[in-house]
Amino acid sequence: MLTALLAAALIQTAPATPDLSLMAGYWLDCSGGREVSETWSDPRGGLSVGHAVTIEDGRPSFEVSHIGPTPQGFAYVAQPGGVPPTVFVLAESGPTRAVFANAENDFPTRVVYERDGEALTARIEGEIDGQARSMEWNFRAAPLNTRCPA
């Protein structure tokens, strides 16, 4: 009986895995003279895996990321250019928005994703030299491996 009560208590207090399926898919931003694609798997077992490729001025760059449980909590873990991972803990989530934060990181300190139909906005925010700064990408859903028009 005690084991059953303990199991029930654990089930009730276990943190729910947030639904971040809003990010799943292939996303393309062709603005500002660059091509940026971001691909996210659907969440499976509480884990989503993503990667981004940017072509700007003919030069490619990349980022690998994942979202899921970490020792710090449920988080977005980014590795731009293959550098060591930076963890941004989930601070807010809902059906169309997810916000991840890491106040200790130099820049950015926040990563924000917002979905509106077939559009996904990704924004990074923080401070550089005491000034508020941000960068934003405005993605549209696209078939896998679609490229920007030449």
> Does CZ in Arg147 sit with more than 12 non-hydrogen atoms of other residues, nucleotides or ligands closer than 6.0 Å?
Replying inline: no
>> In the structure I gave you, are the side-chain heavy atoms of Val112 and Arg97 within less than 4.5 Å of one another anywhere?
In response: yes
> What are the two closest heavy atoms between Cys148 and Glu35, and how far apart are they?
Replying inline: N-OE1, 2.9 Å
> Within the side chain of Ser21, is there an N or O that forms a donor-acceptor pair under 3.5 Å with the backbone of Asp42?
Replying inline: no
> Knowing that exactly one of Tyr26, Phe139, Trp27 qualifies, which makes a side-chain contact (heavy atoms from CB on, under 4.5 Å) with Ser37?
Replying inline: Tyr26
>> Students often mix this up, so state it plainly: with edges at 30° and 60°, are the rings of Phe88 and Tyr76 parallel, tilted or perpendicular?
In response: perpendicular
> So which heavy atom on Val111 is nearest to which on Pro108, and how close?
Replying inline: CG2-CG, 4.5 Å
> Which value, rounded to the nearest 0.5 Å, describes the distance between Leu22 atom CG and Glu114 atom CD?
Replying inline: 9.5 Å
>> For the CZ atom of Arg133 and the CD atom of Glu125, what is their distance to the nearest 0.5 Å?
In response: 13.5 Å
> So, Ser65 versus Glu63: side-chain donor-acceptor pair below 3.5 Å or not?
Replying inline: yes
> Which heavy atom in Leu47 sits nearest to a heavy atom in Ser41, and how many Å separate them?
Replying inline: O-OG, 4.3 Å
> For Val87, does its backbone N or O pair with a side-chain atom of Asn102 as donor and acceptor, under 3.5 Å?
Replying inline: yes
> If you measure only the distance, is there a donor-acceptor pair under 3.5 Å linking the side chains of Thr54 and Glu56?
Replying inline: no
> Under 3.5 Å, is there a donor-acceptor pair between the side chain of Gln79 and the main chain of Val83?
Replying inline: yes
> Linking I/L/V/M/F/W/Y whenever their side-chain heavy atoms sit closer than 4.5 Å, directly or via other members, would Val89 and Val77 fall into one cluster?
Replying inline: yes
> Linking I/L/V/M/F/W/Y whenever their side-chain heavy atoms sit closer than 4.5 Å, directly or via other members, would Ile67 and Trp137 fall into one cluster?
Replying inline: yes
> Hey, does Cys30 have a side-chain heavy atom less than 4.5 Å from the side chain of Pro149?
Replying inline: yes
>> Using the rule side-chain contact (heavy atoms from CB on, under 4.5 Å), only one of Arg34, Glu136, Arg140 pairs with Asp29; which is it?
In response: Arg34
> Where the side chain of Arg115 meets the backbone of Gly117, is there a donor-acceptor pair that is under 3.5 Å apart?
Replying inline: yes
> Do Phe107 and Tyr113 sit in the same hydrophobic cluster, where Ile, Leu, Val, Met, Phe, Trp and Tyr count as joined when their side-chain heavy atoms come under 4.5 Å apart?
Replying inline: yes
> So if you build clusters from Ile, Leu, Val, Met, Phe, Trp, Tyr with side-chain heavy-atom gaps below 4.5 Å, do Leu90 and Ile124 land together?
Replying inline: yes
> Is there a path of hydrophobic side-chain contacts, each under 4.5 Å between heavy atoms of I, L, V, M, F, W or Y residues, that connects Met23 with Leu28?
Replying inline: no
> Which heavy atom in Gly58 sits nearest to a heavy atom in Pro60, and how many Å separate them?
Replying inline: O-CD, 3.8 Å
